[in-house]
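Data block below; observations after.
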Amino acid sequence: MPGKPMRMYEDCMGTLGARNQVIGRKSIYEASEYVYVAVLVAEQGYFLTVFGMMFALDNASIPGEEKAAYELCIHDYQEADAAMNRTSYRLERVRKGLPEHCGVNLGDEYRAALRGLGACRDSLAKLPNSPLLDVVKNNYDRTMVAYMVGKLIGIK
Ligand SMILES: *[C@@H]1O[C@H](CO)[C@@H](O)[C@H](O)[C@H]1NC(C)=O
């Protein structure tokens, strides 16, 4: 395995493995808990945002172009949510098998989620003023954080 993913894998094994000897065997399992929880927290944010968009779609005073953007966003969020669901499902299994399962290949899933959220953010950014733009940016940032935390256990 060439390049960066392998280094991440070695970081996972090396750094967390070494620390294991200092503070006990638990650190790698703790790291995997953070990775898992970060995904669940991101997904919780999606749920609330989609709820907000559905609520806005029911509001007769909201302009048509804003509603059209929310409809697109709901589709983007479905894709992001599906990707993060697959991620949490894999992590649920992987974290029990660490450290042997450091370096699980889930980067495509995180990136798919980021792509969906980024598409929604860009649609809302074109509107004169969307109260949900900041919320979507926050979902994007949390997902990015979840991805970066995932690097701790060598996620590629
Ligand atoms: C509906 O949208 C308008 C305009 O954005 C807003 O002022 C109003 O509070 C919304 N109504 C509800 C029930 O959210």
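Note that ligands are numbered from 1 as they come in the structure, with each ligand's atoms numbered from 1 the same way. Owing to the predicted nature of the structure, the values given are computational and were not obtained by experimental measurement.
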For I62, counting its heavy atoms only, list the atoms of ligand 1 lying under 4.0 Å from any of them. 2 (O)
Just jot down the ligand 1 atoms closer than 4.0 angstrom to any heavy atom of F55, in number order. 14 (O)
Counting only heavy atoms on the protein side, is anything nearer than 4.0 Å to atom 9 (O) of ligand 1? no
Answer yes if a protein heavy atom lies under 4.0 Å from atom 2 (O) of ligand 1, otherwise answer no. yes
Are M148 and I153 connected into the same hydrophobic cluster when the rule is that any two of I, L, V, M, F, W, Y join if their side-chain heavy atoms are below 4.5 Å apart? yes
Nearest-option assignment for atom 4 (C) of ligand 1, heavy atoms, candidates S61, G52, A56: S61
Exercise: identify the closest heavy-atom pair between N59 and S61: OD1-N, 2.9 Å
So, does S130 use its side chain to make a donor-acceptor pair with the main chain of L127 at under 3.5 Å? no
Please indicate whether any nitrogen or oxygen in N59 is less than 3.5 Å from any nitrogen or oxygen in ligand 1. yes
Pairs flagged by salt bridge (Lys or Arg N to Asp or Glu O under 4.0 Å) wherever residues 111-126 is involved - sequence neighbours left out: D108-R111
Not counting sequence neighbours, list each pair that qualifies as a salt bridge (Lys or Arg N to Asp or Glu O under 4.0 Å) and has a residue in residues 62-88. R86-E109
